[in-house]
Amino acid sequence: MTVTIDRGSTTAPASGLTVLGWIHRNLFPDWRQGLLTVAVIWALWQTLPGLIGWLFLDAVWRGDRDDCVAASGACWAFVNARWGQFIYGFYPPELRWRVNLSMLALVATIAVLFIPRLPHKGWVITGSFIALPVVSFVLLHGGILGLEVVQTDRWGGFMLTLVVAVAGMLGALPIGILMALGRRSNMPAIRVFCVTFIELFRAVPLITVLFMASVMLPLFMPQGFAMDKLLRALIGVALFNGALMAEVVRGGLQSIPRGQFEAATASGMGYWKMMLFIILPQALRTVIPGLVNTYVAIIKDTTLVLIIGLFDLLGIVQAGVSSSDWLAPSVTISGYVFAGFGFWLLCFGLSRYSMHLEDRLNAGRRR
Amino acid sequence: MPVSRDIGPQAPPRQPFWTRSRIRAAVVQLGFVALVSLLIYFLLSNTMANLARQGIASGFGFLGQRAGFDVSISFLEFGRNDTYLRGFWTAVVNTLVLAALGIFFATIIGFLLGLARVSPNWLISRLATVYIETFRNIPLLLQLFFWYFAILRPLPGPRDSVEIPGGAFLNNRGLYLPKPLLDHGAQLTLLAVAAGLVFALFMARRARMRREATGQPVAVAHWWALGLLGLPGLVWFSTGATVGLSVPALQGFNYRGGMVMLPELLAALLGLSVYIAAAVGEIVRSGIEGIDRGQTEAAQAMGHTRGQIMRFVVIPQAMRIIIPPLTTQYQSLAKNTSLAAAIAFPEIISIIAGTTMTQTGQALETIALAMAFYVTVSLSIAAVMNFFNWRVMRRAI
């Protein structure tokens, strides 16, 4: 018996390789999607030219407030005029090289992370992460090595954002690791303390912690003991993010198989030796993407310090757009768009980096 | 040469007593507790001394005193002659209303974004990606400032309001919306809406049970229409159409009638929902992509349409993946209402940790009150979502 199959009535499926095939498959697969596509294209046609015009073509790049009021576009002249303040805050202009130098130190530290085959990489990284805050503090604050003292109330702008973010990141990691270890400890007193700490800080917003740091820390200290406002904020940020970090690290600790603990104990290692050389290196490796995501959150959270009266990038832009010599609607929008773009670059870059790391770490598991 | 050694029963090697693990654990813990107690004692005694020196009272007695401040937005009656306690409840209700509205809109926008991300339409999925990557990588506080200071405040005054179709107006004093007028007799209509809702839910439940028993699709749309439109409509007409609409209209320098959403509330709501929606969108996308392709293919092979596959096959299973991280986002939204204090929305932080603290100076008590509130809200959201999760899991098995 023969079976005849009529092949004539079916056409070949549209190939994804040609441009028309791609358009057919991805934009007009059926009439409903096609209608949607047309509607979206129309909406983009209506908005995009205006947006591009406002951002670039009609924007004022140089000039003063009157030029901006007269124009119909963004006022980048404002950003231009305040650039120094946005980056350095109220730092004395003749000492800005110190800020630049410490930013360079930060970039160098990050660059070390990207060198693929560095001898003793772990020690180099650990060392540079311990050295970075010391070097930066000496450079920024001064007071020794013949450097002029610059009080922290003159710090501000992007530089302060970086200081809060980096201090938050570096301070939160050890706190998070200790808290995560404490939460899994078999000593009840320590476990209860760590669980309370972590859950309390995770349940309240950062603002309450910052308020606590700025209002209650002075009350906690003996009379006559004044603590720097920035330092208080940094303590609050580090404690708060330490609690977040603890949960990320805990995830990593839980992913380590029992055999690793047992093997380490069997080879006669004590608790700290086992954690430091066997467990943590593996646990932290698996949670690197989670850690980087927490870092993105820390960068976004740095803006909150403006509520307790510190001028980070957003705070200084906010002060700028409400100052009387630049008061205009287009200036306000431009200022926020500029600050938003700055934060976006940092956060988007970091989250892409985290995705890249996730990909690399999962390379062995990919199917 | 054989060596014979006595390896018979032996006492374990003697250890110094402090290396025995149980004793060491006890010593470490005792030391830790002593250290923490000392620290707490040190902090508390300092605090007491500092407070006494500054002449600040302690305890929650201030809650009974006259507040003496006004609040721009309140869903409770509140005036300057009310007590601080009343102020606290006003702040609680304001915060909860903002959080509830925010969760509502963030969920809707977020689910639409998640569905758009997995859409076969390239343009739609790209647009959703652009939205998500833009809004989740910009600090929320900046977004709130943007909506409030850059968009809503510079709007024209009432005379040049932006008119929104449907009788709503937007100007620098807020968003004016039509408001349903509920005079007497309206209770019956409201009652009918409630009864209709219960009725429709009951019919939907019955339809689902029959579908699960027989495998036949049972239509429920007409029951919903009857319950939510038919019954209230009938009551509305038969009681003489008592529920009217108060439409805002320009009178002199301002709008009269309708209801107004002040710029502070509008900006806070916009900022919170737009920001959290981006995170919800990612959660929904990863939930949908977490479902095995075989499920979709099997449903396709059985001749279901794309919409049916999403509704009956993919989403119900994806919910199991979606709910736990969604809970975290809801908690985060509730906590983030605190940022609205920076744009003068009167919530817990601005009323309690702001005005009340500066007036009474009782930092310890006010911050403890604020923290207690947030802890309660976080735990409540977790409890509600765990219940919801339990139901979804039970149905899925």
Side-chain angles (χ1 to χ4, degrees), chain A residues 22-23 25-27 29 33 36-37 40-41 44 186-190 193 199-200 202-209 211-212 215-216 218-223 225 296 299-304 306-307 314 317-318 321-322 329 332-333 335-337 339-341 343-348 350-351, chain B residues 25-26 28-30 32-33 36 42-44 46-47 49-51 53-54 119-125 127 133-134 136-143 145-146 149-151 153-154 331-332 334-339 341-342 348-349 353-354 357 363-364 366-367 370-371 374-379:
Chain A
W22 185 91
I23 289 178
R25 221 177 45 184
N26 292 300
L27 296 177
Q33 295 295 335
L36 211 57
T37 304
V40 170
I41 289 176
L44 287 178
N186 43 24
M187 301 183 194
I190 290 176
F193 174 81
E199 293 303 330
L200 179 70
R202 265 160 44 91
V204 299
L206 177 56
I207 289 194
T208 54
V209 178
F211 262 110
M212 204 166 87
V215 186
M216 277 158 68
L219 284 179
F220 285 158
M221 291 299 141
Q223 189 186 354
F225 184 90
V296 173
I299 292 180
K300 289 192 285 182
D301 280 349
T302 55
T303 52
L304 267 65
L306 76 88
I307 293 177
L314 178 58
V317 168
Q318 165 78 0
V321 297
S322 35
T332 311
I333 300 182
Y336 290 130
V337 168
F341 183 66
F343 279 109
W344 184 85
L345 270 185
L346 277 180
C347 297
F348 184 73
L350 253 184
S351 67
Chain B
V28 168
Q29 291 185 67
L30 265 178
F32 181 74
V33 170
V36 170
F42 171 72
L43 297 180
L44 272 184
N46 280 337
T47 311
N50 284 329
L51 288 177
R53 201 161 33 77
Q54 295 171 19
S119 157
N121 191 321
W122 181 84
L123 209 53
I124 298 282
S125 80
L127 271 184
E133 292 299 347
T134 307
R136 76 168 178 177
N137 284 315
I138 295 177
L140 173 60
L141 190 60
L142 200 157
Q143 296 190 36
F145 279 175
F146 180 78
F149 292 113
I151 302 295
R153 292 311 297 271
Q331 286 172 325
S332 150
K335 285 190 282 176
N336 279 330
T337 56
S338 57
L339 298 195
I348 286 283
I349 292 297
M357 192 212 281
L364 217 60
T366 47
I367 290 180
M371 284 189 157
Y374 287 113
V375 171
T376 315
V377 170
S378 270
L379 292 180

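Order of the sequence lines sets the chain letters (A, B, ...), proteins ahead of strands, with each chain counted from 1.
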B:Phe146: partners by ring pair (Phe, Tyr, Trp, His ring centres under 6.0 Å), with sequence neighbours left out: none
- line: When rounded to the nearest 0.5 Å, the distance separating CG of B:Leu123 from CG of A:Leu36 is 8.5 Å
message: With chain B as the partner, which of A:Leu314, A:Thr303, A:Val209, A:Val215 has the greatest number of non-hydrogen pairs under 4.5 Å?
response: A:Leu314
message: Less than 4.5 Å apart, side chain to side chain, heavy atoms only: is that true for A:Val204 and B:Val375?
response: yes
statement: Residue from A:Pro205, A:Gly335, A:Gly340, A:Cys347 scoring the most non-hydrogen pairs under 4.5 Å with chain B is A:Pro205
Under 4.5 Å from any heavy atom of chain A - which part of B:Arg53: side chain
field: Side chain / backbone / both / neither for A:Leu304 at chain B, heavy atoms under 4.5 Å
entry: both
- request: Heavy atoms only, distances under 4.5 angstrom: which of B:Leu51, B:Val33, B:Thr134, B:Thr337 has the most pairs with chain A? Name it, please.
  value: B:Thr134
- line: Taken to the nearest 0.5 Å, the spacing of B:Gln29 CD from A:Asn186 CG works out to 8.5 Å
field: Region of B:Pro154 that comes under 4.5 Å of a non-hydrogen atom in chain A
entry: side chain
query: Checking heavy atoms, do the side chain of B:Thr47, its backbone, both or neither come under 4.5 Å from chain A?
result: both
message: When you compare the side chain of A:Met216 with that of B:Leu364, does any pair of heavy atoms fall below 4.5 Å?
response: yes
- line: For B:Ala342, the side-chain contact (heavy atoms from CB on, under 4.5 Å) test, sequence neighbours excluded, returns A:Ile307, B:Leu141, B:Phe145
message: Given heavy-atom pairs under 4.5 angstrom as the criterion, report whether the side chain, backbone, both or neither of B:Ala49 touches chain A.
response: neither
statement: Whatever's closer than 4.5 Å to a heavy atom in chain A on B:Ile124 counts as side chain
task: Evaluate the side-chain proximity of B:Ser378 to A:Arg202: yes if any heavy-atom separation is below 4.5 Å, no if none is.
output: no
field: Leading residue by heavy atom contact count with chain B [cutoff under 4.5 Å; candidates A:Leu350, A:Ile41, A:Ile333]
entry: A:Ile333
- request: To the nearest 0.5 Å, tell me how far B:Asn137 CG sits from A:Ile299 CD1.
  value: 9.5 Å
message: With a 4.5 Å cut-off on side-chain heavy atoms, are A:Leu27 and B:Asn121 touching?
response: yes
task: Look only at the side chain of B:Lys335 and the backbone of A:Ile207, and say whether a donor-acceptor pair between them is shorter than 3.5 Å.
output: no
- prompt: If you take all heavy atoms of A:Ala189 and B:Phe32, which pair is closest and at what distance?
  reply: O-CE2, 4.2 Å
query: What's the shortest heavy-atom distance between B:Asn50 and A:Met221, and which atoms?
result: ND2-O, 3.0 Å
statement: Bottom line for B:Val377: the part with an atom under 4.5 Å from chain A's heavy atoms is neither
query: What distance separates B:Ile151 CD1 from A:Tyr336 OH, expressed to the nearest 0.5 Å?
result: 11.0 Å
statement: Between A:Trp344 and B:Glu133, the two heavy atoms sitting closest are NE1-O, 2.9 Å
query: For chain B, which of A:Leu345, A:Val296, A:Leu306 has the most heavy-atom pairs under 4.5 Å?
result: A:Leu306
- prompt: Counting only N and O atoms by type, is there a donor-acceptor contact under 3.5 Å from the side chain of B:Trp122 to the main-chain atoms of A:Arg25?
  reply: no
- prompt: Any side-chain heavy-atom pair from B:Thr366 and A:Phe211 closer than 4.5 angstrom?
  reply: no
field: Top of B:Leu30, B:Leu142, B:Ile367 for chain A proximity - count of heavy-atom pairs under 4.5 angstrom
entry: B:Leu142
task: Using non-hydrogen atoms and a 4.5 Å limit, figure out which bit of B:Thr376 sits close to chain A: side chain, backbone, both or neither.
output: neither
message: Taking side chain as everything from C-beta outward and backbone as N, CA, C, O, which of these in A:Ser351 sits under 4.5 Å from a heavy atom of chain B? Side chain, backbone, both or neither.
response: side chain
- prompt: Of the backbone (N, CA, C, O) and the side chain (C-beta and beyond), which part of A:Phe341 lies under 4.5 Å from a heavy atom of chain B, both, or neither?
  reply: neither
- request: Using non-hydrogen atoms and a 4.5 Å limit, figure out which bit of A:Pro188 sits close to chain B: side chain, backbone, both or neither.
  value: both
query: What part of A:Glu199 is in contact with chain B, defined as an atom under 4.5 angstrom from a non-hydrogen atom: side chain, backbone, both or neither?
result: neither
message: Only pairs of heavy atoms separated by less than 4.5 Å count here; which of A:Thr208, A:Leu346, A:Ile23, A:Asp301 has the most with chain B?
response: A:Thr208
